[in-house]
> 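One structure is given below, represented as structure tokens, and several questions about it will come after.
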Amino acid sequence: MMERLVASGLIADIVLAAIALEALALWAYRRATGMGPRLLDLAGAMVSGAFLVLALRLALTGAGAGPILLATTGALAAHLADLARRGPWR
């Protein structure tokens, strides 16, 4: 069963769903309590992580190098944007 989850890329879909649920839960917690991280503070890490999981899914399902490169470039862009927003140089 695990082999089928990996080979089909479904494992990556499950991880992407978990990332989305985590973001939703953290947003709901902050909205309800006023505590917890701001969504913008989470966005960079979540988006870059989602792009990396997408790249994994593409690799597992036999996509070509082009789509995988685009997904990893998206992860890099999201990570750099997050660093620029948070960095001490701003």
Side-chain angles (χ1 to χ4, degrees):
M1 177 170 165
M2 189 61 146
E3 186 175 307
R4 196 178 98 227
L5 281 174
V6 172
S8 69
L10 185 57
I11 193 74
D13 295 337
I14 292 168
V15 172
L16 286 170
I19 290 171
L21 285 174
E22 180 184 9
L24 183 62
L26 289 168
W27 172 80
Y29 177 75
R30 177 153 177 101
R31 184 176 165 127
T33 66
M35 299 181 337
R38 294 180 323 176
L39 196 55
L40 186 59
D41 291 337
L42 295 171
M46 295 229 170
V47 170
S48 66
F51 270 119
L52 288 175
V53 175
L54 175 61
L56 172 65
R57 186 188 196 296
L58 290 167
L60 290 174
T61 57
I68 296 169
L69 179 61
L70 284 174
T72 54
T73 301
L76 176 63
H79 181 64
L80 291 176
D82 186 44
L83 286 176
R85 193 184 70 73
R86 293 178 192 236
W89 48 82
R90 29 175 217 127

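Since the structure is predicted, the reported quantities are computational estimates derived from the model, not experimental observations.
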> Apply side-chain contact (heavy atoms from CB on, under 4.5 Å) to L26 and L39, showing your working.
CA-CA 8 Å; L26 289 168; L39 196 55; 6.0 Å; no
> If you take all heavy atoms of L58 and P67, which pair is closest and at what distance?
CD1-O, 3.5 Å
> For residues M46 and I19, report the shortest heavy-atom separation together with the two atoms involved.
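Closest approach of M46 to I19, heavy atoms only: SD-O, 3.7 Å.
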> Which atom names give the shortest non-hydrogen contact between V6 and I11, and what distance separates them?
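Shortest heavy-atom separation between V6 and I11 comes out as CA-CG2, 3.9 Å.
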> Would a hydrophobic clustering, with Ile, Leu, Val, Met, Phe, Trp and Tyr connected at side-chain separations under 4.5 Å, put M2 with L56?
yes
> Determine the minimum heavy-atom distance between R30 and P37, stating which atoms define it.
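Scanning both residues, the minimum pair turns out to be CD-O, 3.1 Å.
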> Shortest non-hydrogen contact from A50 to L16?
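Here A50 and L16 meet closest at O-CD2, 3.6 Å.
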> To check you understand the geometry: which heavy-atom pair defines the closest contact between S8 and R57, and what is its length?
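In terms of heavy atoms, the two residues are closest at O-NH2, 4.1 Å.
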> Distance from T73 atom OG1 to F51 atom CZ, nearest 0.5 Å?
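Answer for the OG1-CZ pair, T73 versus F51, is 9.5 Å.
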> Would L54 and V47 show up in the same hydrophobic cluster when neighbours are defined by side-chain heavy atoms closer than 4.5 Å?
yes
> State the CZ-CG distance between R86 and D41, to the nearest 0.5 angstrom.
5.0 Å
> Taking atom CG of L60 and atom CG of L5, what is their separation to the nearest 0.5 Å?
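Reported value, rounded in 0.5 Å steps: 11.0 Å.
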